[in-house]
Amino acid sequence: MRDEDLPGLLLDWYDRHARDLPWRIPPGSNAAPDPYRIWLSEVMLQQTTVAAVKSYFERFATIWPTVQDLAGAEDAAVMAEWAGLGYYARARNLLKCAREVASRGGFPTDYESLLTLPGIGPYTAAAISAIAFGQPSVVMDGNVERVMSRLHDEHTPLPQAKPILHSHAAALTLRTRPGDYAQAVMDLGATICTPKSPACGICPWRDPCRARAAGTQGELPKKTPKKPKPTRLGIAYVAIREDGAVLLETRPDKGLLGGMLAWPTTDWSDDPAPAPPLDATWQDTGTEARHTFTHFHLRLAIHTATAPASAEPHRGVFVPRADFRPSSLPTLMRKVWDLTPETLRRL
DNA sequence: TATACGTGGTC
DNA sequence: TGACCAAGTAT
């Protein structure tokens with residue numbers, strides 16, 4: 001098996017097995033990819049599964065069919081539509097990027113220019129230039145790292161191995177069909193060369209794969225062990241006015257859940273100081289929302305209060321119940337609402 | 001180079 | 001059930 005045969009082998013497989021995805025131009029189609037849809041899908045797919053992205057992509061593409069439409073959207077509308085997808089800096093950067101692209105009249109086509117846009121890093125710049133503009137960029141994501149580590153039986157742990165794996169990937173990236181090739185390697189990683197129990201028997205690269213020959217595919221890629229997650233504590237304050245309005249605030253742009261609608265809370269720490277957003281008689285419901293973020297566990301106690309029509313909160317604004325959509329909250333805050341006693345939620 | 005940054009599925 | 005993991009980026 002010669003190295004130059006590998007891309008062709010993979011493209012043959014992709015021609016027969018490419019998944020049908022809402023943002024994808026099927027192999028063999030003459031249609032031109034829409035850079036806006038490619039960009040939108042790639043940003044959504046950062047550290048996020050295809051299954052989670054699909055419905056969000058459909059909604060965004062329907063509400064804002066072009067980058068000009070998105071550039072003209074209200075910040076709050078975009079954040080509300082992104083709620084539940086996670087990594088909210090992506091949504092803030094999405095809007096910044098849309099406005100920059102719209103003002104310059106379209107997406108740049110080359111890797112270096114794409115890299116300067118907000119929310120577009122090495123992976124996304126390579127993916128857009130390859131998939132939307134047919135450039136032979138080296139597309140490196142978690143899938144490609146895993147596939148390359150196995151193909152070459154590379155035991156150096158990540159992230160140390162990144163340069164080695166990148167050079168392996170670069171050696172396979174050709175001028176022919178770079179967009180299809182990039183998607184093919186990622187599809188291979190997502191559906192066959194999976195992290196656990198890869199389906200080597202049906203892999204188009206089973207013969208050249210060095211890890212398969214050595215029987216090491218299940219242990220690759222090696223990774224440096226992760227730190228344990230600490231547990232932090234906090235209190236979420238759910239205030240409901242006599243007319244049913246709920247007290248919410250928009251979190252600061254920087255930091256966790258930045259820019260998202262949320263119940264006022266204390267700090268999240270070992271021993272948070274109480275910080276009720278309203279002078280009222282607060283009740284401890286005795287229940288807590290448990291949530292795990294990337295780097296810590298959180299236990300958020302839920303305190304509730306009812307407020308008169310004249311109530312003036314220190315923080316946040318009362319949102320009329322008719323305008324309140326739990327689906328516009330990030331998942332942690334939606335959990336808090338779901339755990340709030342039914343008798344209060346019905347007020 | 002290391003850390004902050006979400007969420008849901010899987011085993 | 002808890003740890004791992006996913007089409008990463010910003011700082």
Side-chain angles (χ1 to χ4, degrees), chain A residues 18-19 21-24 37-57 79 82-94 96-97 114-128 130-132 137-147 158-160 162-163 169 179 181-191 193-198 218-219 221-232 251-260 262 268 289-298 327 329-335:
Chain A
R19 289 181 290 173
L21 303 174
W23 49 86
R24 175 172 286 174
R37 293 169 65 91
I38 300 301
W39 163 72
L40 179 59
S41 67
E42 290 301 343
V43 172
M44 288 183 167
L45 286 163
Q46 290 166 5
Q47 293 288 285
T48 310
T49 58
V50 165
V53 164
K54 272 185 179 170
S55 66
Y56 282 86
F57 177 85
M79 300 313 286
W82 196 278
L85 197 55
Y87 283 139
Y88 298 101
R90 293 185 295 173
R92 302 193 299 274
N93 284 328
L94 190 80
K96 278 189 208 160
C97 184
L114 286 162
L115 200 51
T116 67
L117 291 167
I120 297 185
Y123 162 76
T124 307
I128 295 172
I131 299 169
S137 307
V138 182
V139 176
M140 280 302 289
D141 73 335
N143 287 305
V144 182
E145 287 176 353
R146 184 171 59 256
V147 170
L158 285 168
Q160 198 187 332
K162 279 174 185 281
Y181 173 75
Q183 293 176 90
V185 195
M186 293 190 284
D187 266 22
L188 188 73
T191 63
C193 196
T194 50
K196 291 171 187 170
S197 39
E219 348 172 339
K222 301 273 194 195
K223 298 196 174 180
T224 51
K226 291 173 181 164
K227 290 182 181 175
K229 295 184 205 293
T231 296
R232 297 187 193 167
R251 293 175 61 88
D253 269 357
K254 298 273 183 185
L256 210 54
L257 309 182
M260 297 303 291
W268 304 343
R290 293 186 176 221
H291 195 74
T292 297
F293 293 101
T294 313
H295 50 299
F296 65 94
H297 304 289
L298 178 65
S327 66
L329 299 175
T331 298
L332 165 64
M333 299 298 167
R334 195 171 39 69
K335 281 185 187 175

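Here the structure is a predicted model, which is why all the values come from computation and not from measurement. Every chain is numbered from 1 and lettered A, B, ... according to where its sequence line falls, protein lines coming before strand lines.
- Under the side chain to side chain contact (heavy atoms under 4.5 Å, CB included) criterion, A:Arg290 pairs with A:Glu288, A:Arg299, not counting sequence neighbours.
- Straight-line distance between the P atoms of C:dA7 and B:dA4: roughly 23 Å, to the nearest whole Å.
- Look at the P atom in both B:dG6 and C:dT11: the space between them is 14 Å, to the nearest Å.
- By the side-chain hydrogen bond (donor to acceptor under 3.5 Å, both in side chains) test, A:Gln47 is found to be paired with no residue, residues two or more places apart in sequence or in another chain being considered.
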Pair up each side-chain donor or acceptor in residues 114-124 of chain A with any protein partner under 3.5 Å, not counting sequence neighbours, and list the distances.
| from | atom 1 | to | atom 2 | distance (Å) |
| --- | --- | --- | --- | --- |
| A:Thr116 | OG1 | A:Ser113 | O | 2.7 |
| A:Tyr123 | OH | A:Glu42 | OE1 | 2.6 |
| A:Thr124 | OG1 | A:Gln46 | NE2 | 2.9 |

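- Place A:Gly119 and A:Leu45 on DNA chain C by their nearest nucleotides, and A:Leu45 ends up nearer the 5' end.
- Remark: A:Thr224 pairs with A:Pro157, A:Pro159 by the side chain to side chain contact (heavy atoms under 4.5 Å, CB included) rule, at least two apart or across chains.
- In 5' to 3' order, the nucleotides of DNA chain C bounding all contacts with chain A (an atom under 4.0 Å from a heavy atom) are C:dC5 to C:dA10.
- Just one residue in the list A:Val53, A:Ile131, A:Leu40 forms a side chain to side chain contact (heavy atoms under 4.5 Å, CB included) with A:Trp23, and that residue is A:Val53.
- Among the atoms of the strands shown, none is found under 4.0 Å from any heavy atom of A:Leu115.
- Listed by chain and number, the residues in a side-chain hydrogen bond (donor to acceptor under 3.5 Å, both in side chains) with A:Thr331 amount to none (sequence neighbours excluded).
- Under the side chain to side chain contact (heavy atoms under 4.5 Å, CB included) criterion, A:Thr194 pairs with A:Pro198, not counting sequence neighbours.
- Residue contacts for A:Lys223: at a heavy-atom cut-off of 4.0 Å it reaches the sugar-phosphate backbone alone, with no base atom in range.
- In this structure A:Ala289 satisfies the side chain to side chain contact (heavy atoms under 4.5 Å, CB included) test together with A:Leu300, A:Leu332, A:Lys335, A:Val336, A:Leu339, sequence neighbours excluded.
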Given protein heavy atoms under 4.0 Å, the one-letter contact record of nucleotides 1-11 of chain B, with B base, S sugar-phosphate only and - none, is simply --SSBBBS---
